[in-house]
Amino acid sequence: MSLIASATLVALSIAPARAATAPPAAPRAALREDAFDRKKAQLEAARLPALEALVTFCHEGKAFAERDNVYALILLLNEEHADARKWLRYKKDRKSGEWTQKGYREPRATKDEEVVAEYERRLAAIDVEFVAGLYDLVIAKKADIGPDRARAEFEGLMALAPNHAGVREALGYERIERDGEEVWLPATAVKALKRRGEIKSKLRELREAAPEFGTADPVDPEEGFGVGFETVYTADHVRVLGATDPAELGKIMRNAQVQWDLLRWMTKTRFKEPEGLRIFVMASNADKKSFLSQNPDFSSDDRRFALKLTSLWLRNYREYVCWHKKSKNRIDAACKQTSSYYLSQAHGVYQQGWLAEGFGLYVTKRSCGSRENYRIFEDEYDDPGTRDLERDYKKPNANWYALAVKMLEKSRPTRLVSALGKDSNTMNWGDYVLGYTLTAYLIEGHDPRVLRQIMNLISEYEKEPISSVAALEKVLGAKMPDIQKDLLAWARAVGKDSL
């Protein structure tokens, strides 16, 4: 382990006493937290002699890289430790009092396997004693230091003792058997592994129970668009008109029937059927141009813009058109637009792009097995930070959870907040992946009421809807940086983006 890696690891375990920017605590609460800090300092101080003894062992065993790692740990406990500063080549500025590392060269790690094994055993023993003491202290004083500070302490302890059962459980992990061995996973990931099977079964059940749909003829104004809609299917609240293969239109109709009941099941919500939805489907450029030219809803600018899209909502937002040369893209677009329509009808979710787009993509992936359609305006909203991942996003079988992990590992703690603040028209590739992954996290990793509560809080049907950030923090009971960390841990643990 390099000096930098070791120091970084242990830095995680030393949570600050209080953030400098935090508002002043009430006097009694401050006294209780100060008492916690004093007891924690005693535990840390008790590590110092053992670490100094380990330094001596490493030096005598010529394990100089390991020795320097221990010195880095010592500096986290005692910034003025003379030997640690000396061997790590630090110089102190007499005026500012700041330490600066100059001319340090990391020694080579020893090849003596016995010395390395004994070094690791002794270091682990030191950590075990400290972890046990601090864990007991945090448990005893959790009410005094508050949930945020307690979480920070537990996260630090997990960095030192990844398999400590009490620490893992305090951070919401469960131990399960996976691929023949016992592993710790976030409880939300354990739930997701079970939930996916339930979703798959429910989709099968809904398809089998869906009533037969009927046929009809085009009516005014459907006949006036200059397109020969040879097939018209009707069922309940949906009407599908197409100038393509009837089998394709049948799939679009069946998906539309299933998705409404799927939404109600996913959110454990009972609401009346939505207002009538009409879907136009066509493939040829001639049909597309005719439809646009004879539809009074479109201006000349609208028509030029619409030609670039795979699907397009008409102005009353109760009907849309899908056009693409490939059948799978038309089916995918219809599936996504229908699920987004149901979401807006049932919960009033329009402007929150992460959920409107994320939910549409999620349901489409689960019910159609594809994820082909996004609405990206790259010239205006391209994010240089996601350009290197763009090629991966577009692959039909891309694992978006893995892409979310890759992105969040390199992102600032506010990256998720940035994605939540955009509407569909201003989202970039990274925002789409995060919106999709966050939606999946809420659907698969939580009780159905969680997503419903969040949607109700941000709904435009409410007189005073709140922001997505505020809704997530309220319902999940955590601040956004912690929610982002939980999402990252979940995506890592779940792994594959598939049912």
Look up atom CH2 in Trp99 and atom CG in Asp93, then write down how far apart they are to the nearest 0.5 Å. 11.0 Å

To the nearest 0.5 Å, what is the distance between CD1 on Ile454 and CG on Leu472? 4.5 Å

Does this structure show an ion pair linking [X] with [Y], if we count only N-O contacts that are shorter than 4.0 Å?
{"X": "Glu80", "Y": "Lys92", "answer": "yes"}
{"X": "Glu118", "Y": "Arg122", "answer": "yes"}
{"X": "Asp431", "Y": "Arg415", "answer": "yes"}
{"X": "Glu169", "Y": "Arg175", "answer": "no"}
{"X": "Asp127", "Y": "Arg47", "answer": "yes"}
{"X": "Arg85", "Y": "Glu79", "answer": "no"}

Note, [X] side chain near [Y] side chain (heavy atom, < 4.5 Å):
{"X": "Asp144", "Y": "Phe36", "answer": "no"}
{"X": "Tyr342", "Y": "Thr338", "answer": "yes"}
{"X": "Val450", "Y": "Ile443", "answer": "no"}
{"X": "Lys91", "Y": "Gln101", "answer": "no"}
{"X": "Cys335", "Y": "Cys368", "answer": "yes"}
{"X": "Arg264", "Y": "Thr269", "answer": "no"}
{"X": "Ser340", "Y": "Phe359", "answer": "no"}
{"X": "Thr437", "Y": "Leu408", "answer": "no"}

Show your reasoning for whether side chain to side chain donor-acceptor pair (under 3.5 Å) applies to Asp332 and Ser370. CA-CA 6 Å; Asp332 181 281; Ser370 60; 2.6 Å; yes

Inspect the surroundings of NZ in Lys62 and state if more than 12 heavy atoms from other residues, nucleotides or ligands are less than 6.0 Å away. no

Do the rings of Tyr436 and Tyr401 sit parallel, tilted or perpendicular, given the 30° and 60° boundaries? tilted

Once you measure the plane-to-plane angle for His81 and Tyr71, does it fall in the parallel (<30°), tilted (30-60°) or perpendicular (>60°) bin? tilted

Side-chain H-bond candidate by donor/acceptor type, [X] with [Y], under 3.5 Å:
{"X": "Thr426", "Y": "Asp423", "result": "yes"}
{"X": "Glu444", "Y": "Tyr362", "result": "yes"}
{"X": "Gln352", "Y": "Ser468", "result": "no"}
{"X": "Ser339", "Y": "Gln259", "result": "no"}

Restricting to non-hydrogen atoms, name the atom on [X] and the atom on [Y] that form the minimum distance, rounded to 0.1 Å.
{"X": "Arg168", "Y": "Pro162", "value": "NE-O, 2.6 Å"}
{"X": "Leu355", "Y": "Leu343", "value": "O-CD2, 3.8 Å"}
{"X": "Arg195", "Y": "Pro448", "value": "NH2-CG, 3.6 Å"}
{"X": "Leu134", "Y": "Lys40", "value": "CD1-CG, 3.9 Å"}

Mind checking what makes salt bridge (charged side-chain N to carboxylate O under 4.0 Å, His left out) contact with Arg105, not counting sequence neighbours? none

Which residues share a salt bridge (charged side-chain N to carboxylate O under 4.0 Å, His left out) with Asp83, sequence neighbours left out: none

Output every pair passing side-chain hydrogen bond (donor to acceptor under 3.5 Å, both in side chains) with a member in residues 128-138, not counting sequence neighbours, ordered by first then second residue. none

Can I get a per-line list of side-chain donor-acceptor pairs under 3.5 Å for residues 108-116, giving both atom names and the distance, sequence neighbours left out?
from   : atom 1 : to     : atom 2 : distance (Å)
Thr110 : OG1    : Asp112 : N      : 3.1
Asp112 : OD1    : Glu114 : N      : 3.1
Asp112 : OD1    : Val115 : N      : 3.2

Aromatic contact between His59 and Trp87, with the criterion being ring centroids under 6.0 Å apart: yes or no? yes

How would you list all residue pairs meeting salt bridge (charged side-chain N to carboxylate O under 4.0 Å, His left out) that involve residues 478-492, not counting sequence neighbours? Arg151-Asp482, Arg151-Asp486, Glu155-Lys485, Glu409-Arg492, Asp482-Lys485

Show your working on salt bridge (charged side-chain N to carboxylate O under 4.0 Å, His left out) between Arg149 and Glu153 and close with a plain yes or no. CA-CA 6 Å; Arg149 174 72 186 277; Glu153 296 291 352; 2.9 Å; yes

Answer yes or no for Arg89 and Tyr104: cation-pi contact, defined as NZ/CZ to six-membered ring centre under 6.0 Å and angle to ring axis within 45°. no

Sequence neighbours excluded, the answer for ring pair (Phe, Tyr, Trp, His ring centres under 6.0 Å) partners of Tyr320 is Trp313

Test Ser459 against Asn456 for side chain to side chain donor-acceptor pair (under 3.5 Å), laying out the working first. CA-CA 5 Å; Ser459 172; Asn456 288 343; over 6 Å; no

Kindly determine whether Thr364 and Arg371 satisfy side-chain contact (heavy atoms from CB on, under 4.5 Å), including the steps that lead there. CA-CA 6 Å; Thr364 302; Arg371 190 180 48 216; 5.8 Å; no

